[in-house]
Protein chains: 2
Amino acid sequence: MARSQTTRKPTRIQREKTNSILEAALDVFSDNGFRGSTIDMIAVRAGLSKPNILYYFDSKEAIHKALLAGLLETWLAPLEEMDEDGDPIEEICKYVALKLKMSQNFPRESKLFANEVLQGAPHILPEIKGGLKDLVSTKASAIARWAEEGKIANIDPYHLFFSIWATTQHYADFDIQVRSVLDDGKDPFETAGPFLDNMFRAMLEPKAS
Amino acid sequence: MARSQTTRKPTRIQREKTNSILEAALDVFSDNGFRGSTIDMIAVRAGLSKPNILYYFDSKEAIHKALLAGLLETWLAPLEEMDEDGDPIEEICKYVALKLKMSQNFPRESKLFANEVLQGAPHILPEIKGGLKDLVSTKASAIARWAEEGKIANIDPYHLFFSIWATTQHYADFDIQVRSVLDDGKDPFETAGPFLDNMFRAMLEPKAS
DNA sequence: GTCTATATCGAGATAGAC
DNA sequence: GTCTATCTCGATATAGAC
């Protein structure tokens, strides 16, 4: 078990190889899911041999866990930026735009996450029931307050989050379907931005009571 | 290869066993994905032996294909019901409600479909680029016409469909996350119905120009 | 039609030379 | 640190008795 991860000083080369393995693994796992991926696929894409992969990581699962480890944090960062003292509708729409940008720029991460949750989140259920739930709860309170103050329409904050996650991640996770339905060549993200912005503004606009 | 599927008259018992295998397979595949599922899991859940499964189906993939075969059709049925001569907003909201009901009543089918599309739709890409694309194209034209006539707001019909699919299926596909974020015990579907209805009505309401 | 036993194969992981 | 060769195991699928 005297693996490189446990030694004291990881050299530059070690870091580089570790990174290229993770990079290749992200490709493979997001395309094929955990069970559908093989170490060989990762090795080929990383330009390394199979045993060499297992020199840097103890197992296939260790690679997967390493990828997931930082993922939820990255995924939640945009939500943390939501400012309770800012303009309500602008803050929410900014979050939507950020989340859509993440789907556009990090589709592999989105798919990795989708795969994981779809299978019942076997590796990150604690994090979901912990950090995610807590953060959402906090931000939901802020949104509920905005609604009480009449600054936005009276909507359920939790379902608001679900609809934001669902609509933005859909373009990454189901991209094959989206692009198949649209004329090939069109970039879905260009038109999705204005559409979603308009959709959430319409819903959030305070109604005359 | 003289398998029962190819004989002329499938007896009642054969039909029943075939159905219980498909039923068990739907459980297993939707929970674990195709690669993560084993014939043994299906056999145990169906109360049959592994070779007996392979007497009724030529291979694990054959079971999977059989499940997917009817799925897209079932999945599209609600969209076909959308009436171009009905009240625009009511027709669209009826579609949303139906789609949500399907997520509630057929979560396994939804997950099976999500798994398939997430992996790039290897088995049903032709159907997606064929029947699905055509049907959506037809209905999108109707919606575009409604918009031109000022009966609904001027929104992109394709992104409307994407947002409907994303939001409704989210409750089935990501149920573990939804239920983890909400207080346990609450049924997400009860509150999701009114929320989504309100959301799509707000977006579709014709704007004074 | 249904079983037990087994052939076969793919893939994770390890041994040991270099 | 990296390779070739190999062990091992789980899973698909088949053979053949009943």
Side-chain angles (χ1 to χ4, degrees), chain A residues 1-25 27-29 31-68 115 119 122-123, chain B residues 1-25 27-29 31-68 115 119 122-123:
Chain A
M1 286 294 176
R3 286 287 148 79
S4 52
Q5 298 101 301
T6 63
T7 60
R8 278 193 232 130
K9 68 168 181 65
T11 72
R12 204 199 74 238
I13 287 191
Q14 284 173 333
R15 282 226 171 274
E16 281 175 5
K17 293 229 168 167
T18 310
N19 284 339
S20 68
I21 291 171
L22 288 174
E23 176 68 17
D27 273 347
V28 174
F29 283 140
D31 266 2
N32 307 99
F34 180 73
R35 313 291 295 259
S37 304
T38 71
I39 298 181
D40 235 3
M41 295 183 200
I42 299 172
V44 168
R45 195 163 305 215
L48 297 172
S49 70
K50 189 161 61 168
N52 203 0
I53 300 278
L54 290 165
Y55 172 80
Y56 286 97
F57 289 90
D58 284 340
S59 66
K60 173 180 160 182
E61 193 159 14
I63 305 176
H64 193 243
K65 281 182 74 170
L67 281 174
L68 282 176
N115 261 307
Q119 316 284 315
H123 298 103
Chain B
M1 285 293 171
R3 284 290 148 77
S4 52
Q5 298 103 299
T6 64
T7 62
R8 278 192 230 130
K9 66 168 182 64
T11 72
R12 206 200 74 237
I13 287 192
Q14 283 173 333
R15 281 225 171 276
E16 280 175 6
K17 292 231 168 164
T18 311
N19 283 338
S20 69
I21 290 172
L22 288 174
E23 176 68 15
D27 274 347
V28 174
F29 282 141
D31 267 2
N32 307 99
F34 179 74
R35 313 292 295 258
S37 304
T38 71
I39 296 181
D40 233 3
M41 294 183 200
I42 299 171
V44 167
R45 196 165 302 218
L48 297 171
S49 71
K50 190 160 56 171
N52 202 0
I53 300 278
L54 290 166
Y55 172 78
Y56 286 98
F57 289 90
D58 284 341
S59 67
K60 173 179 161 183
E61 193 159 14
I63 305 176
H64 193 244
K65 281 183 75 169
L67 281 174
L68 282 176
N115 260 308
Q119 316 283 316
H123 298 102

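In what follows, every chain begins at residue 1, and chains take the letters A, B, ... in the order their sequences are listed.
Taking atom CZ of Arg35(A) as the reference point, atom C1' of dG12(C) lies 12 Å away to the nearest angstrom. The interatomic distance linking Asp40(A) (CG) with dA11(C) (C1') rounds to 8 Å, in whole Å. One atom, NZ of Lys60(A), and another, C1' of dA13(C), lie 12 Å apart when rounded to the nearest Å. Counting to the nearest Å, the C1' atom of dA17(D) and the OH atom of Tyr55(B) are 16 Å from each other. Atom CZ of Phe57(A) and atom C1' of dT14(C) are 19 Å apart (whole Å). Whole-Å rounding puts the Ile39(A) CD1 to dG10(D) P distance at 16 Å.
Under the salt bridge (Lys or Arg N to Asp or Glu O under 4.0 Å) criterion, Glu61(A) pairs with no residue at all, not counting sequence neighbours. When the side chain to side chain contact (heavy atoms under 4.5 Å, CB included) test is applied to Lys17(B), the partners found at least two apart in sequence or on another chain are Ile13(B), Leu48(B), Asn52(B), Tyr56(B). For Asp27(B), the side chain to side chain contact (heavy atoms under 4.5 Å, CB included) partners at least two apart in sequence or on another chain are Arg45(B), Arg108(B). Scored by the salt bridge (Lys or Arg N to Asp or Glu O under 4.0 Å) test, Arg35(A) finds no partners at all (sequence neighbours excluded). Among residues two or more places apart in sequence or in another chain, the salt bridge (Lys or Arg N to Asp or Glu O under 4.0 Å) test is passed with Arg15(B) by none.
Picking from dA11(D), dA13(D), dT2(D) the nucleotide with the shortest atom distance to the side chain of Lys17(A) gives dT2(D). Set against dT14(C), dT14(D), dA11(C), the side chain of Leu54(A) has dT14(C) as its closest nucleotide.
In this structure, Tyr56(B) reaches the dT2(C) phosphate: one of its side-chain N or O atoms is under 4.0 Å from OP1 or OP2.
Within residues 45-53 of chain A, the residues that place at least one heavy atom under 4.0 Å from DNA chain C are, in residue-number order, Lys50(A), Pro51(A).
Two residues are said to be in side-chain contact when any heavy atoms from C-beta on lie closer than 4.5 Å; His64(A) and Phe57(A) fail this criterion.
Contacts of Thr11(A) with the nucleic acid, taken as non-hydrogen atoms under 4.0 Å apart, are absent.
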